[in-house]
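These notes concern the structure reproduced below.
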Amino acid sequence: MKGYWKYFLNKLGWFLITFVFAFILNFILPRLMPGDPVAAIVSRLAQGMSDATGVQAIYQQYADLFGTNKPLLDQFFIYMRNVLRGDFGFSFSQYPRTVADTLKSALWWTIGLQFPAIIVGWVIGNLLGALAAYLKGGFDKVLMPISIFVSNFPAFGMAIILLVIFGVTLEWFPTSGGYGFDLIPSFSWKFFSSVIQHYQLPFWSIVLIAIGGQAIGMRSMAIYELNADYVKFARFMGIKDRKIVGYVFRNAMLPQITGLALSIGTMVGGALVAEIVFSYPGLGYTLLNGVMGQDYPLISASTLIITVMVLTANFLIEILYGVIDPRIKAAQAG
Amino acid sequence: MGKILLDVRELSTKYVTRFQENVYAVDHVSLQVEEGKALGIAGESGCGKSTLALSLMGYYFPPLHYISGDIIVDGRNISRMDPDDVRRLILGREIAYIPQAAMNALNPTQKVISFIEDVIRVHDLGSSKREIYERARILFQTVGLPEAVLHKYPVELSGGMKQRTVIAVAVLLSPKVLIADEPSSALDVTSQKMVIKMLMRLMEDGLVRSLIFITHELPLLYNVTDDIMVMYAGQMVEKGTAKEVVFDPLHPYAKGLMGSIIVPEEGVRGVKLTAIPGAPPNLKNPPSGCRFADRCKYVQPACRVTSVNLRELPNGRAYRCIFSEEELREAYRNG
Amino acid sequence: MKHTLHQIFHSGKFVLGFCIFIVILLIVMVYPLLFPYPPLAIIGQGTFFGPGIYVNVYDSIHAPKYILNLDDAAAKRIASKLSEDDRVAMQEWLVGYGISPEEIDINDTEQLLGLWNTHYDSKAQIPGLTNAKRNYYIRLNAALEGLLATEDAVIAVKNPETGALEAQRTIAQSDYVNVGQVANVRFLPLGTDNFGRDVLTQLVAATRVSLQIGFVAGTIATLIGLTLGLLAGYIGGLVDDVIMFITNLFTVIPSFVLLILISFSIGQERRGAVTVAVVIGFTSWVWTTRAVRAQVVSLRNRDHVNLSKLSGHSIVHIILNDILPYIASYVVMAFILQISSGILSEAGLSILGLGPRTTEVPTLGLMMNWAMIYQAHVLGKWWAYLPVLITIALITFSMNLMNTGLDQVFNPALRD
């Protein structure tokens, strides 16, 4: 097991470094760009806007909280301290709601949607790809063009198509929101069933997109593995086909898991856009509102949260890989 | 003449390409392997020797297809057996196969002992992990492999070690015939020697009762095999004892092959090396006459007319040419 | 080189993708020459006019008239005013009123109208008639007045002095105009969008801009990736470690997040199309860097490289002459993919509202954004978003095809 611990610590260290780096980037980038939103906030404050004092108050609280008049390094530590406390300030567009408050609910909606969707899509995609490689013939010939077509569709495209077909034309599912407009979140069955109903289209959009991406890759991997020498040898030692498929699947899956870790960023990005299409009350929608409302604190916090989400997902997947690939434990121990 | 463990008669198999074309890779090949003996199959790349090896076990899957012929293993005709029976009874037990570049023949994510367990279990020869482990341990000890290898993943073993492990696994069930397809080609010289030694030892210890040794490395054949079969373009073109074929080849191709060996022995010093120009014919449409005609130094118009049959000589020798022994020897003497 | 080109153009996938791409390029270049309409000009007052040929009614009054006597003209006229649903509704009402169904043939317009006019009474009590339905029938009845009339229509002009209407000309029901002779006709194959802009013209312009953005972004990303990959792969050592460290960092940090942050911070004012392209280019070089580096590493110990080193050639010389030609194929493929992903990134940004300035040029992403904000997909105005989507998909598809084709040429192992 020593080998695994070495691997784990390595990945953990990497996770922490990347996290720190992302944190710094999230802080620095906006302030470096020509349209520095923080400087804009400061200057507006200094100008004493002629708007209602309410707007003034919004900027004031931001300046107070994040110390925008202090030197950059001080600002950074203040920022770090605030974030670790969970305090992102008040949202400009939804004052007096705090950013943290807005994010909290949105975060759970997003995780609740994307986490299962990406996993389900990944699993189904890989299964289909492996089946296509193994069964060949008709199944393969049908699956391939569909996969190619689907994988070339932009993520939001899939979302829109599903929305139009199933939401608008067939009216099987609602077209927006996370739950019925007339409902308030509660622990009632009515609420839950409404949530489930609204969940369908966004969920299946993301699943389909994931399937499209995975199926082709897995098929290629599986074909490659099926032609490997160990398959030949196992066959000629009398091993049953079914068992051989098990060998192949395991071997082909490993690079797929690695691939998932690498592409989780893009998948989440695509899923966020899908959320927007459905006006699903997740982080995507929050971002959109933030952009439309010029709500810098909200945007900055959203991007940070999304980054952390992706980093964590990446870390978890790599840990999982270490568990599944037996060579990890063995190689580093010997 | 010892017991004949493998008797192949007029075996023909083909590959079917993606475009539904037939490639007649093995054309009416006959061979026999005696108990306790090693048969070498020699020939250049693409002559069909590997395909022949794959065809000998009676188990075919696309794109390789059986056409005709008989394969009799220790008295049992397996050519028309049900594939499931072949898999259960023949593969690994009667005949075992070691693929080329055997170091890749092990599943990278499976421990050696795990694969051994799978093999034993599928042949219904025992199921207790402890029994299987014991059996494997004894086998490894016999063939000179360290017991630790059983617990390792292929990635932790060296090339030579992997090769020997594959051989060990192949003989797990004490097959009557072991087919080794280029067992040493991909290795360095030292490892080569170890592999050959291992094979020889297996024969001596009786773990393997006969051996088919496929190679394009001719120098090996004389030292390792008892009989040699030369293949060209899917057909057998010469057969005889090792000594006969190496030192007194009859078929012009065999002659050319042996002439291209560097033999560091006395009396051979002054002999020139000869290469055989040209390339083998396309097996999608085999030529009607002798397949070697285009490259043969001694070709005559008659060679291309009708297909050439095998000439069988007494004492088991055979060769495929329209000319008689005397005519050929005469031609060779004259250069 | 010639042989490679020959192989490339014999690869089915590449040729197909290439053709699609060239067709798109041609349309983008030729269309504005043929139809020099400004893409963002608001021509429609009102939202989402459907696709069709728009004939100016005023001009058609004054256009030369031709008399055509077509048999089905009358029937078509009535049919356009009386839809299938309406007929069924009328039948329902009549049956509810008490007429037996056998007497009603909904396809016999005259009979149906006759029955209706005889029996319809807005006050009649029909079982199961809701208020809404009742109002519907009242409206229907009003609309049916004079449906079968055959009088001419009269165009009257107001007398500026007396204010009275003076008949100017009459239009008979058999008067036709030749569309070609009508002064103002506008063909809008894709209708108008929510602002009233010609969708087709916009689409062509947007495709052009998106392609430009993709091209610029792709070039920048490929150049960065190429440089970093070369340096990391060839020089190795510390340089390699540093570059790979940075690359690995940026692999996991999602590039779209950086894209969002930067785009937002630049602010709408400064976000021209080129700026957006540059930003996209600077955040998407990661994959290319890795690919190039992997190739260079495998090349760096090849014999011809060692030979050059021994001959004393400078690093730059070696890189240019010995390494570049071998990775050229990968760079080309990477470039194609970067263009494609650049276009998609721009689309994603625009949907978020962080795309290029909306007042100057349309992009494919912006068109999608507008369509979605104005609920085109929910309202069923397919022409506002579907053609855009298809265009994006076609561009991506053609580029992926080209890439796969190239891949199979350069890596025979992948040929199926």
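Fair warning: this is a prediction, and the values are worked out from it, not measured in the lab. Below, chains carry the letters A, B, ... as their sequence lines are ordered, and counting in each starts from 1. Both backbone and side-chain heavy atoms feed into the values below; hydrogens, waters and symmetry mates do not.
The most heavy-atom pairs under 4.5 Å with chain A, out of L401(C), I262(C), L354(C), come from I262(C). Ranked by heavy-atom pairs under 4.5 Å with chain C, the first of L32(A), T266(A), I299(A), L272(A) is I299(A). Per-residue counts of heavy-atom pairs under 4.5 Å with chain A were compared for L386(C), L352(C), T404(C); the largest is that of L352(C). Comparing I264(A), N26(A), V273(A) by how many heavy-atom pairs each has under 4.5 Å with chain C, the most go to N26(A).
Across all their heavy atoms, L261(C) and P30(A) have their closest contact at CD2-CG, 4.0 Å.
Residues L258(C) and L25(A) meet the side-chain proximity criterion, which asks for heavy atoms closer than 4.5 Å.
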**OP:** Would you check, one step at a time, whether the test side chain to side chain contact (heavy atoms under 4.5 Å, CB included) holds for W14(A) with N248(C)?
**Re:** CA-CA 9 Å; W14(A) 190 249; N248(C) 283 332; 3.1 Å; yes

Original post:
Should I306(A) and F256(C) be marked as a side chain to side chain contact (heavy atoms under 4.5 Å, CB included) after you check the CA-CA gap, both sets of side-chain angles, and the distance that decides it?
Top reply: CA-CA 10 Å; I306(A) 294 176; F256(C) 70 89; 3.9 Å; yes

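If you look at F250(C) and F21(A), their ring centroids are closer than 6.0 Å.
For Y296(A), the parts lying under 4.5 angstrom from a heavy atom of chain C are both the backbone and the side chain. M368(C) touches chain A through its side chain: at least one heavy atom from C-beta onward sits under 4.5 Å away, while N, CA, C and O do not. Using a 4.5 Å cut-off between heavy atoms, I392(C) touches chain A through its side chain atoms alone.
Distance check: F264(C) CZ to S302(A) OG gives 10.5 Å after rounding to the nearest 0.5 Å.
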